[in-house]
S.K.: 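I have a structure I would like to understand better, so I am pasting it below and will then ask my questions one at a time.
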Amino acid sequence: MTPRMDAIGIVTADLAASLTFYRRLGLDIPAGAESAPHVEVTLPGGQRLLWDTEEVMRSFDAGWTAPAGGDRLSLAFLCDSPAEVDAVYDDLTGAGYRGHLKPWDAVWGQRYATVLDPDGCAVSLFAANG
C-alpha cells in the first residue's frame, strides 16, 4: 500500500474571515460552516481542503503555536486568462484583502499575482500568457 495525498489543511485564527475569502475565490463552502471548529470541502478532482481553528489545533497538540516569519504553505488558483488574473486580484484587493504582488507578466510565461488570505497565507493567481 502507498499513501496518497488526500487533503491540504489551513489553520486559521478567524474561521469566518478565512471561509469568506475562499468563497470569493469560488470554493463551494457550505453556508453556516463558520459555526463549526473544523470545515472540509472536496475540490474538483477529489482532493480536500480543510480548515481548523487555532483552538482546535491546541485541543490535541498543547504545544502548538502559530507559525511566524513567512509562509509555510501557499495555494495557487489557475485562472482562465491573464485578464482574469487581473480581475480576481482587483476584486480581492477591492474587498479589503491585502495584495502581496500585483499582477505581472512572469518570465516563465504566466500572468501572476499574489494576495494574502486573512491569516497571511500567500494565495497565487496565475494564467498562461498568450
S.K.: So, taking the atom named OG1 in Thr114 and the one named CG in Leu125, what distance separates them when rounded to the nearest 0.5 Å?
M.R.: 7.0 Å
S.K.: Closest approach of Ala17 and Tyr97, non-hydrogen atoms and distance?
M.R.: O-OH, 4.2 Å
S.K.: Ignoring hydrogens, what is the shortest heavy-atom contact between Ala66 and Glu54? Give both atom names and the distance.
M.R.: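 It is CB-OE2, 4.0 Å.
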S.K.: What's the spacing between Cys121 SG and His100 NE2 if we round to 0.5 Å?
M.R.: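 Rounded to the nearest 0.5 Å, the SG-NE2 separation comes out at 12.0 Å.
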S.K.: Heavy atoms, side chains only, cut-off 4.5 Å: are Asp6 and Arg4 in contact?
M.R.: yes
S.K.: May I ask you to test the Thr12-Asp117 pair for a side-chain heavy-atom distance under 4.5 Å?
M.R.: no
S.K.: Could you report the tightest heavy-atom contact between Tyr89 and Gly99, atom names first, then the distance?
M.R.: OH-CA, 3.5 Å
S.K.: Do Trp108 and Val85 share a hydrophobic cluster, counting only Ile, Leu, Val, Met, Phe, Trp and Tyr and linking them when any side-chain heavy atoms are less than 4.5 Å apart?
M.R.: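 No; tracing contacts between hydrophobic side chains, which count when under 4.5 Å, never links both residues.
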S.K.: Tell me if the CG atom of Asp61 is crowded by more than 12 foreign heavy atoms within 6.0 Å.
M.R.: yes
S.K.: My understanding is that only one of Asp119, Ile29, Thr53 makes a side chain to side chain contact (heavy atoms under 4.5 Å, CB included) with Ser18; could you say which?
M.R.: Asp119
S.K.: Side-chain heavy atoms nearer than 4.5 Å, only ILVMFWY residues, links allowed to pass through others: does that put Leu19 and Tyr22 together?
M.R.: yes
S.K.: With side chains defined as the heavy atoms from C-beta onward, is the minimum distance between Leu27 and Leu43 less than 4.5 Å?
M.R.: yes
S.K.: Mind checking whether Val41 and Pro30 have side chains closer than 4.5 Å, heavy atoms only?
M.R.: yes
S.K.: If I compare all heavy atoms of Ala127 with all of Leu78, which pair ends up nearest, and what's the gap?
M.R.: CA-CD1, 4.4 Å
S.K.: Can you check side chain to side chain contact (heavy atoms under 4.5 Å, CB included) on Phe77 and Val88, steps first, answer last?
M.R.: CA-CA 10 Å; Phe77 284 74; Val88 173; over 6 Å; no
S.K.: Over all heavy atoms of both residues, which pair between Pro103 and Asp86 is shortest? Give the atoms and the distance, please.
M.R.: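 Scanning both residues, the minimum pair turns out to be CB-OD1, 3.1 Å.
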S.K.: Do the side chains of Val39 and Leu25 join up, straight or via other hydrophobic residues, at under 4.5 Å, putting them in one cluster?
M.R.: yes
S.K.: Please round to the nearest 0.5 Å and tell me the distance separating atom CZ of Arg98 and atom CG of Leu92.
M.R.: 13.5 Å
S.K.: Would you compute the distance between atom NZ of Lys102 and atom OG1 of Thr93 and round it to the nearest 0.5 angstrom?
M.R.: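 It is 8.5 Å, given to the nearest 0.5 Å.
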S.K.: About how many Å separate CG of Leu15 and NE2 of His38, when rounded to the nearest 0.5 Å?
M.R.: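 His38 atom NE2 to Leu15 atom CG measures 10.5 Å (nearest 0.5 Å).
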S.K.: Dump the intermediate steps for side chain to side chain contact (heavy atoms under 4.5 Å, CB included) on Leu75 and Ile10, then the final yes or no.
M.R.: CA-CA 10 Å; Leu75 301 175; Ile10 297 172; 3.9 Å; yes
S.K.: What are the two closest heavy atoms between Gln47 and Ala7, and how far apart are they?
M.R.: OE1-N, 4.1 Å
S.K.: Flag yes if Met5 and Leu50 sit in one hydrophobic cluster, no otherwise; membership is Ile, Leu, Val, Met, Phe, Trp, Tyr, and two members link when side-chain heavy atoms are under 4.5 Å apart.
M.R.: no
S.K.: Do Phe21 and Val115 have side chains that get closer than 4.5 Å, going by heavy atoms?
M.R.: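 Yes, side chains in contact.
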S.K.: Could you check if a side-chain atom of Tyr112 sits within less than 4.5 angstrom of a side-chain atom of Leu101, using non-hydrogen atoms only?
M.R.: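 A side-chain contact is absent here, since even the closest heavy-atom pair is not under 4.5 Å.
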S.K.: Report yes if some heavy atom in the side chain of Asn129 is under 4.5 Å from a heavy atom in the side chain of Gln110; otherwise report no.
M.R.: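 Heavy-atom side-chain distance check fails, nothing below 4.5 Å.
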